Structures are given as C-alpha cells and as structure tokens.
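For reference, the structure is listed below as structure tokens.
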Protein chains: 2
Amino acid sequence: MGRWEPDAAGRLREAAMALYAEHGYDGTTVAEIADRAGVTARTFFRHFADKREVLFAGSELLEQLMVKALADAPADATPMEAVAAAVLASAEFFDDIRREYSRRRQGVINATPELRERELIKMAALTSALTKGLLERGVAPDVAPLAAETGVAVFRVSFERWISDPDGEPIVDIIRSTLKTLKALSGLTA
Amino acid sequence: MGRWEPDAAGRLREAAMALYAEHGYDGTTVAEIADRAGVTARTFFRHFADKREVLFAGSELLEQLMVKALADAPADATPMEAVAAAVLASAEFFDDIRREYSRRRQGVINATPELRERELIKMAALTSALTKGLLERGVAPDVAPLAAETGVAVFRVSFERWISDPDGEPIVDIIRSTLKTLKALSGLTA
DNA sequence: TCGAGTGATGTCATTGACTGACATCACAAT
DNA sequence: ATTGTGATGTCAGTCAATGACATCACTCGA
C-alpha cells in the first residue's frame, strides 16, 4: 500500500459509497474515507471538489452521451422526438449490471438532503445542455427549454422506476413506456 | 441597538442580501452578516439552518399557496388544468413591487452554485407537494409526477421571463402565455 | 413590588470541511 | 547519476455549524 497504488480516485469512490451506506453521509468524515482508501484527506480534495462530488463522478459522461444522441437525431425530427432520442440513448449507460449499484447509490442520495441537492444541480446541468443542443438544432428559443425540461423529467421518472424493481424490464423499455404516458398526458393539457 | 431590537430574522435577511450582492456569497462570512444585523453568528444559526437558507425564507408560503389552489380547483378539472390553476395562483406572491427585489435576489442565486442547489431543492419540494396534491385529487400515480414536474417547469420559465424585463407584463399574463406554449409543444410530442 | 419563569441572545469550545504553501516521494527521460 | 514531473503528504489556517451553558429583557402571579 505504498504511496503509488494506482486509481486513488476509484478507491475513494468505493470507500465513500461503502461508508455513506453504512454510517450515513453525515456520520462519515472525509478523513475516514481517505483512510479506507489509503490516502490523506488532502488527496481526497485533489480528486473531488467536495464531500458530495465523490458520488457523482461520471455524470459528465452521461450528459455527453445524451447530447450527442440529440445532435445525431434526424434533422427533420420534431423537438420532442430529438429529446426522446437523447433520453433513450441514456439507456446505454445503465445496463442491468449497474442496476444494483444504482439502487444502492440512490438510496444513499435520497437519504441525504445535501446529496439530493447535488443530484438536482446535475440534472439541471443536463437540462441546460439539452436546451443548448436543441437551440443548435434550430428549435425555437421558447420551446427548447420546455422540451429539455420535459425530457429530463421523463429520464428521472424512468430511472426511478428502473431501480425500484430489481427484476423489472430494462431501462430502455421503461423509457419508452414513460414517453407514451407523457404523450397521453399531453392530450389533457387543453 | 440593544439586545432586544425586534425582527432579528428580517435584519439578517436584508444584511445577507446586501452583502451577498456586494461581496458575493463566498466573499461573505456569517459573522459579517450577523455583525451588520447587530447580532452574533450563533444567533444567525438560530434563525436560519445555514448560510444559504437565509435567502429562501418564505418559500413555504409559496408552496402552501399553490397547493391550496390545486386543491381548490374544480373536481372535474383535468390534471393539467388543476396544475395550471396552481401555477397561476403563484402570481399572487409576485406583485410588481417584488419584481426588482426578485431580480436582485435571483442574480445572487444564479451567481452561486451553492445557492442554485438550494433553489433547486426548493423547487423539488414544490414538485412533490404538487404531486401529493394531485394524488389526493385522484390523479393516476403515473400521471401525477409528470403533471407536477411540468407545472413547475412552467412556473420556472415564467418567473425567469418575468424578472428578465423590469417593465414587462405582470407575471399572470406571462404564465398564461407559457401555458399556451406548452400546449403547442404537446402537439409535437408525437 | 418582587421573584420565578420564559424566550431570545451571548459566550465558549469543538468538530469537520475545505484551502494554500511547501516538502517529498516514485518514476521517467536524459 | 541528474533532473523533471506529477501525485502525494504535511502543516497551518479559515470558516461553517453545533452543543453546553450563562445572561439578559420582559411578563406575570404572589
């Protein structure tokens, strides 16, 4: 366990998840996480901006994935069709192997207001990234934000449903189903 | 300025707004806020849970207002009609006198990630309150969250538009217009 | 009028997140 | 062997947040 074990960030992530799950977020100190990972607290903060961020590493990847799918949607797709493509693309990120991990992680997040806040701002970042992507597709400025917001809502609802049942359908199917529900709901908007 | 000047909470709110606006959120310490309000830092934390919360006092009132409007909507209203009623009710909260204050406050919030996080969780609380209200109206469990989420999106977009133009229309009209845009968007959902 | 009670405040001490400055180590290229 | 370079450790310090306890201003009943 010398100074140079590789992947300090990875060890810190695992340590944090384990400790947050066991003692809760508040009941865990950064020093404890660092100890378990075999590094110093100072090193923790070199890898993650703060105590919350350690649970959200990788969220940029998901965002990139969805933005790319949005951009790659057919030019003649409607705004919501493009958004739907982006949300469906997120399914790549969540294969069934990650379902248990996702469920565990979400449990920790839901139990801690501070972590919920961080999650929300990640979702907001996703929303504005999608909005930007829509604008670049030429979508009207008053339509783009609403379409993006709606898309993220679909993602959230689907994700939650996905992790709520360990043996449920794959997330792609859940997303499709949620999109259908949305469509039905739209009929009631009048 | 004895120990018993009334409305310490109010003085703390004003002091915080002024200092956050002038030196930024990070550039302001709780001790400075307390000093300006003529109290101790310890007293600050007796009135507000943390350094962020001081900018969000009163958000429960808005929530209650909207939930009540939702509950008071005609029994035969569709889910989105009820939600629309709730969003429109929020207009009571934002008369034109508050527009300048709201704009100022929003500037501070937008400039500070930590405050954005707090704002987002308030919105999330609003969403779940509306969801609960919808469920109590008998709305289907898979429809309620989406309807609530959509309603909050409408509120956010409208609010932002409202404060972006000091001499623009009153917020009620902006909300109505946003609801129309949403309706148009729904047509594209297919 | 006085003394007990109450609620808001002050004081003090402590923990823990986070940061800057600087030293140090492992490894690589020369 | 020498020198760099990047990741880490060490140390000191700031500041948010909390618990424990004292104190003050004011109220009310004896």
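By convention in this document, chain letters (A, B, ...) are assigned in the order of the sequence lines, proteins followed by strands, and residues within each chain are numbered from 1. As the structure is a prediction and not an experimental result, all values here were calculated from the model.
- Atoms CD (B:Glu114) and P (C:dA17) sit 15 Å apart, rounded to a whole Å.
- For residues 43-59 of chain A, proximity to DNA chain D is found at A:Thr43, A:Arg46, A:His47, defined as any non-hydrogen atom under 4.0 angstrom from a strand atom.
- Within 4.0 Å (heavy atoms only), A:Ala8 reaches sugar-phosphate atoms of the nucleic acid but no base atom.
- Rounded to whole angstrom, the span from the CD1 atom of A:Ile33 across to the P atom of C:dA17 amounts to 8 Å.
- Between the side chain of B:Arg36 and the backbone N or O of B:Glu14, no donor-acceptor pair lies under 3.5 Å.
- Looking at B:Asn110, its side chain does come within 3.5 Å of a backbone N or O of B:Gln106 through a donor-acceptor pair.
- The environment of A:Glu160 atom CD is sparse: at most 12 non-hydrogen atoms of other residues, nucleotides or ligands sit within 6.0 angstrom.
- Rounded to whole angstrom, the span from the CG atom of A:Asp7 across to the C1' atom of D:dT8 amounts to 15 Å.
- Heavy atoms of other residues, nucleotides or ligands lying less than 6.0 angstrom from CZ of B:Arg137 number more than 12.
- Summarising the geometry, the separation between NE2 on A:His23 and P on C:dG16 is reported as 13 Å, rounded to the nearest angstrom.
- Straight-line distance from the CG atom of A:Leu19 to the P atom of C:dA17: 12 Å, rounded to whole Å.
- In this structure, A:Glu32 places its CD atom 8 Å from P of C:dG16, rounding to the nearest Å.
- Atom CD in B:Glu5 sits about 18 Å away from atom P in D:dC24, given to the nearest Å.
- Here the side chain of A:Thr29 is nearest to one of D:dT10, C:dG10, C:dG16, namely C:dG16.
- Ionic pairing of A:Arg52 and A:Glu119 is not present here: no N-O contact between side-chain nitrogen and carboxylate oxygen is shorter than 4.0 angstrom.
- If you chain together hydrophobic residues whose side chains sit under 4.5 Å apart, A:Leu88 and A:Trp162 fall into the same group.
- Straight-line distance from the CG atom of A:Leu115 to the P atom of C:dA17: 13 Å, rounded to whole Å.
- Scored by the side chain to side chain donor-acceptor pair (under 3.5 Å) test, B:Arg103 finds B:Glu100 as partners (sequence neighbours excluded).
- For B:Arg42, the side-chain atoms get nearest to D:dT18 when compared with the rest of D:dT10, C:dA17, D:dT18.
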